[in-house]
Structures are given as C-alpha cells and as structure tokens.
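In this chain, numbering begins with 1 at the start of the sequence shown.
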Amino acid sequence: MARNFDGIDDNLVASGAPITAYPFTMACWFNADSATANNCLIALSDGTTNNQFVLYVQGGEAGDPVQFKANTDYASTTTGYTVGTWHHACGVGASATSRTVYIDGGSSVTRTTSVTPTGLNAFRFGENGAAGDDFDGRLAEGAIWNVALTAAEVALLAKGVHPFKVRPANIVAYWPLWG
C-alpha cells in the first residue's frame with residue numbers, strides 16, 4: 001500500500017501546515033526508482049523553497065543520503081538509500097539548534113546551527129515547489145508529530161511499528177498514501 005509518484009509532476013499539496021514550530025517529527029516510508037537526482041519526500045513551507053523544513057533523498061550527492069533541511073541548513077545521514085528498496089526516513093526537530101535525520105532508524109546526524117523557519121502554511125508530499133525536486137518512486141505512511149520523538153521511538157517506526165502506536169496522542173497528521 002503506497003502511492004506512486006512519477007518524478008515529473010505528481011505530488012500531494014495541502015494548504016495549511018500541521019505544525020509551524022518546534023518541537024516536531026516527520027517521517028515516511030519511501031522506495032525510490034532513481035538515485036540520480038535530489039527528490040523531496042515531505043515539505044512544510046511558507047510556499048517558497050527558502051523558508052521550509054524538508055525531508056529529501058539526495059541521489060545527486062555522493063552516498064545517496066537522506067537529508068533533513070531547515071531553510072538552507074541540512075543534516076545528511078551517514079549511509080544512503082538503495083533504489084528499489086523500502087526505507088524509512090525521519091526528521092526530528094527538537095529545537096532551533098537540534099535537528100536530527102535518520103534513515104532506517106539509524107545513521108543519524110544532528111545539526112545545531114540555529115534555524116527557525118517562519119510563516120509555514122503549506123504541506124507537500126513528493127515535491128517542495130522547486131523545479132526538479134519531484135520524487136520518483138513510492139511513498140507510504142507519512143506522519144507528523146508535535147513532539148520530538150526519541151531515537152528509540154524512531155527505531156520502532158523503522159522496524160514497521162505503525163505510527164499510531166508511537167505517541168498517538170501527539171500525531172497531528174497522518175497519510176497512509178494508498179493508491
């Protein structure tokens with residue numbers, strides 16, 4: 001059960017952002033069809049590509065990492081993804097000076113540069129509004145929490161535990177992405 005994105009113009013867009021400030025966590029499952037471009041998984045923004053939080057797969061960079069971007073500052077996982085394989089991506093924004101990215105519950109990196117995007121009012125799956133950032137592959141189980149999940153909780157999600165079993169009272173948005 002996943003939604004297929006064509007890498008050209010498929011995306012899901014909603015006005016309004018389920019969160020607009022720290023702390024928060026956003027996560028999803030992805031299965032990329034390509035590792036030759038930088039593609040957006042989930043984006044929260046003010047409608048531009050300059051003021052945003054974004055989970056990316058960075059196929060255009062060495063090692064094909066997952067990145068968690070806050071405006072122009074980003075953290076990259078220490079290992080990358082494999083085309084044609086399901087992976088779990090997660091970005092945890094604990095505060096303006098603590099943002100961590102995970103792939104498959106590990107390979108985490110935390111950034112401490114102070115960044116606070118403002119005016120977040122748009123949510124997107126599969127692209128962030130920038131030309132060429134459209135995801136090519138399948139996405140599933142997207143969720144956003146209004147808390148910073150712990151590394152142990154992220155690991156549970158990556159093992160396949162349903163998002164509703166990990167701090168369910170703090171889930172502010174969930175998309176199974178079927179079809």
Spacing of Leu12 atom CG and Leu177 atom CG [to the nearest 0.5 Å]: 6.0 Å

Same apolar cluster (I L V M F W Y, side chains within < 4.5 Å links), Phe24/Leu149: no

Any side-chain donor near an acceptor of the partner, Asp46 and Asn121, under 3.5 Å: no

Flag for Ser34-Thr36: side-chain donor and acceptor within less than 3.5 Å: yes

Nearest heavy atoms of Val115 and Ala70, plus distance in Å: CG1-O, 3.5 Å

Reported OG1-to-CZ distance for the pair Thr150 and Arg167, which is rounded to 0.5 angstrom: 6.5 Å

Close side-chain approach of Arg99 to Asp73, heavy-atom, < 4.5 Å: yes

Single-linkage hydrophobic cluster Val154~Met26, side-chain heavy atoms < 4.5 angstrom: no

Exercise: identify the closest heavy-atom pair between Ala94 and Pro23: O-CB, 3.6 Å

Check: Asp133/Tyr56 side-chain N/O donor and acceptor closer than 3.5 Å: yes

Closest non-hydrogen atom pair, Gly126 against Leu139: N-CD1, 3.9 Å

Exercise: do His88 and Asp104 side chains pair donor with acceptor under 3.5 Å: no

Sub-6.0 Å ring centroid separation between Tyr74 and Phe68: no

hydrophobic_cluster_shared for Ile103 and Ile42, side chain cutoff 4.5 Å: yes

Heavy-atom check, side chain of Thr25 versus side chain of Ile144, under 4.5 Å: no

Parallel, tilted or perpendicular, as decided by the 30° and 60° cut-offs, for the rings of Phe123 and Phe125: perpendicular

Electrostatic pair Arg3-Asp10, nearest N-O below 4.0 angstrom: no

Sidechain-backbone polar pair: Trp145 side chain, Val166 backbone, donor-acceptor under 3.5 Å: yes

Inter-residue atom distance Leu156.CG - His162.NE2, 0.5 Å rounding: 14.0 Å

ILVMFWY cluster, Val92 and Ile19 together (side-chain gap under 4.5 Å): no

No-hydrogen, no-angle side-chain donor-acceptor test under 3.5 Å, Ser107 and Thr77: no

Heavy-atom pair of closest approach, residues Leu120 and Ala17: O-CB, 3.8 Å

Tyr22 ring center near Phe53 ring center (under 6.0 Å): yes

Heavy-atom side-chain proximity of Pro163 to Ile171 below 4.5 angstrom: yes

Nearest non-hydrogen partners of Tyr81 and Gln58, listed with the distance: CE2-N, 4.1 Å

Trp86 side chain near Arg138 side chain, heavy-atom distance below 4.5 Å: yes

Cys28 and Glu141: CA distance, side-chain angles, deciding distance, side-chain contact (heavy atoms from CB on, under 4.5 Å) verdict: CA-CA 5 Å; Cys28 70; Glu141 296 268 310; 6.0 Å; no

Residue pair Phe135 / Cys40, side-chain heavy-atom distance below 4.5 Å: no

Approximate separation, where rounding is to 0.5 Å, of Asp134 CG and Arg124 CZ: 9.5 Å

Contact check, side chains of Leu55 and Val66, non-hydrogen atoms, under 4.5 Å: yes

Spatial distance of atom CG (Asp64) from atom OG1 (Thr82) [nearest 0.5 Å]: 8.0 Å

Check: Asn51 and Ser45 side chains under 4.5 Å, non-hydrogen atoms: no

Spacing of Tyr174 atom OH and Phe164 atom CZ [to the nearest 0.5 Å]: 6.0 Å

Cluster overlap Val161 with Tyr102, hydrophobic side-chain contacts below 4.5 Å: yes

Which atom of Thr85 lies closest to which atom of Asn31, heavy atoms considered: N-OD1, 3.3 Å

Heavy-atom check, side chain of Thr110 versus side chain of Ser108, under 4.5 Å: no

